[in-house]
Amino acid sequence: MDIPGISNSYFLRAAVNEKRLANGEKELDAAEFLKLAREKMKALEMDSAFLSRPVNEGFSGGEKKRNEILQMDMLEPKLGLLDETDSGLDIDALKTVSEGVNLLRSPERAFVLVTHYQRLLSYIQPDFVHVLMDGKIVKSGDKSLALELESKGYDWIREAAAK
Amino acid sequence: MKKTPDDFISQDYQYGFVTKIDADALPKGLSEDVVRAISAKKNEPAWMLEWRLKAFQTWKRMEEPHWQNVKYPKIDYQDIIYYSAPKNAKDGPKSLDEVDPELLETYKKLGIPLEEQSRLAGVAVDAVFDSVSVATTFKDTLKKAGVIFCSFSEAVKEHPDLIKQYLGSVVPVSDNFFAALNAAVFSDGSFVYIPKGVRCPMELSTYFRINAAETGQFERTLIVAEEGSHVSYLEGCTAPMRDRNQLHAAVVELVAHKNAQIKYSTVQNWYTGGREGKGGIYNFVTKRGKCAGENSKISWTQVETGSAITWKYPSCILQGDNSVGEFYSVALTNHHQQADTGTKMIHIGKNTKSTIISKGISARYGKNTYRGLVKILPKAEGARNYTQCDSLLIGHECAANTFPYIEVENNSAQVEHEATTSKISEDQLFYCQARGIGAENAVSMIVNGFCKEVFKELPMEFAVEAAKLLNVSLEGSVG
């Protein structure tokens, strides 16, 4: 999804300020916003040229994902749901995204990662792993469950659930 | 309640007030006597009257064109008042103190800085109120620079040689039906002359306003930029709310000599005819610039949010070698508005270049047509054109059309045309809303982003106004 003609910084500031207004906080002016954005981008090792580019226009798959991590960082959600955020990423991009998530990870913020592969989980260590089937959690465990799934596939869970 | 882009449209027209001023008007109808009467009221010299009468004869032989992609009921040319002026204007106001306070009040409502304070805004205003130019500010500053900026009537008296030389030199009387009509009955307008090598010290601006009911406004603008000079000219338009249609048939002529540059910006906010499409302005205008000398440049920028019907093609004749023509346009049609607009770039000289960026936005029942001609003549060696036409649709009932005409008669020419049509998608809205941005903000953000390439061509203050105007015109559409 791209929005031609609207820079990332304009878009992000609008989003951040709507959230701040809803929380009864003061809006950020352009200077305050830029300062905050640059700090966050530095931590995420993102080029600040990103801010002046139109939202997602001409972005590569990896850049779009990185942009989403930045948006998440700026909006500071209590809960982040990352749906197949690893699809279509090359190894380098996967690493960046994971580092971003790890950076944002804190006791005050929960993440739900949805993925089909164990690969993402070598970069992000999960506290819990749940297997979702037909809209229900059919199996739960810690990160070792993900490794088990990687070697054995999903069939054994399907069979166990059928019993 | 869930808002959709379709709901996102328009608040009431805020300039729809009527100023009560005694007007000195001619009776309805058009005849040779009316043409003579207009000329007499303006104390014009004989040559001017001759010119008008010739134009009137030409007009009588012409037929109203109907090839444009807009629909309107037949215009009865005998049912229009061709001249109306505020009564006290007979001798012309000598200073702002002599101007009717109610007129000044009108301009205040429109937000035009007519008083000397406007110097802070750096804008010299030649305000045209119905048919007579009311007050021209900053004459002195401009005079020092050698710039002539005055009403057309004044120019006819004070600078007859210049007028004789250039009047009709870009848009001949017989050019088209409405140009001929204008030539016969034009009542006033603006004249700008920038002498050799002068960079005009401020932005020049004319604010047009149609006040008297059932009055056509027929003004002419003529801008001449001598060798190496620069000028930026702004034009803004509003009209009161009436449920009868009014006709606006203006003519604008620009002449740029060697190395001269003219930038002509329009923000048009005529009354649109409201939600039901009743009344509103028919805006049938001929605008054309001639890049007469080498390396000259003419740039048109327009933001059209008004008029019931807009029909115009600000064009460039690129005669001088290496001359440059540009056209940047945003046209918004909302409710029952119709627009058939675009440009013509006629490449005559060698290595001439033209750029066309057109952005059409249609909402509700709006109908938006881009029509453009790029013509490369046999001698235009190395000519180049780049055209980009983008259309944005909001809702399900609106329409966008693009009719590009390209005629190339020289093999070395490079002509590019790109066109896109898009809708403000539910996906885009969702993307914004998922990040906490409200639907109204999101739509205005997307529309502004869409128009950005054009807005950045406008002078600073105008760009802000244009963005605001667009937001106002779209307000309430996500309901």
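Here is how names work: the chains are called A, B, and so on, in the same order as the sequence lines, proteins then strands, and each is numbered from 1.
- The neighbour count for A/Tyr117 OH, taken as heavy atoms of other residues, nucleotides or ligands under 6.0 Å away, does not exceed 12.
- Residues A/Ala15 and B/Arg435 approach most closely at CB-O, 3.3 Å, considering heavy atoms.
- A donor-acceptor pair under 3.5 Å is absent between the side-chain atoms of B/Gln428 and the main chain of A/Ile3, judged by distance alone.
- Heavy atoms from other residues, nucleotides or ligands lying under 6.0 Å from NZ of A/Lys19 number more than 12.
- By the neighbour-count criterion of 12 heavy atoms within 6.0 Å, atom NZ of A/Lys136 is sparsely surrounded, having that number or fewer from other residues, nucleotides or ligands.
- In B/Tyr431, the OH atom is crowded: over 12 heavy atoms of neighbouring residues, nucleotides or ligands sit closer than 6.0 Å.
- For chain B, the nearby part of A/Glu68 is the side chain; its heavy atoms alone come within less than 4.5 Å.
- More than 12 heavy atoms of other residues, nucleotides or ligands sit less than 6.0 Å from atom CD of A/Glu25.
- The contact between A/Val55 and chain B is made entirely by side chain atoms (from C-beta outward), counting heavy-atom distances below 4.5 Å.
- By the neighbour-count criterion of 12 heavy atoms within 6.0 Å, atom CG of A/Asp134 is sparsely surrounded, having that number or fewer from other residues, nucleotides or ligands.
- To the nearest 0.5 Å, atoms CD1 (A/Ile6) and CD1 (B/Ile446) are separated by 8.5 Å.
- Proximity to chain B (any heavy atom under 4.5 Å) is restricted, for A/Asn56, to the side chain, taken from C-beta onward.
- Within a 6.0 Å radius of NZ in A/Lys64, more than 12 heavy atoms belonging to other residues, nucleotides or ligands are found.
- Within a 6.0 Å radius of NE2 in A/His130, more than 12 heavy atoms belonging to other residues, nucleotides or ligands are found.
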- Task: Begin from the C-alpha positions of B/Ile437 and A/Phe11 and carry the test side-chain contact (heavy atoms from CB on, under 4.5 Å) through to its verdict.
- Result: CA-CA 9 Å; B/Ile437 299 171; A/Phe11 179 82; 3.7 Å; yes

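- Highest contact tally toward chain A, considering only B/Gly449, B/Cys451, B/Ser422, is held by B/Gly449 [criterion: heavy-atom pairs under 4.5 Å].
- Contact of B/Cys432 with chain A is made through backbone and side chain together, with heavy-atom distances under 4.5 Å.
- Using a 4.5 Å cut-off between heavy atoms, A/Leu75 touches chain B through its side chain atoms alone.
- Closest non-hydrogen pair, B/Met445 versus A/Ala14, comes out as CE-CB, 3.4 Å.
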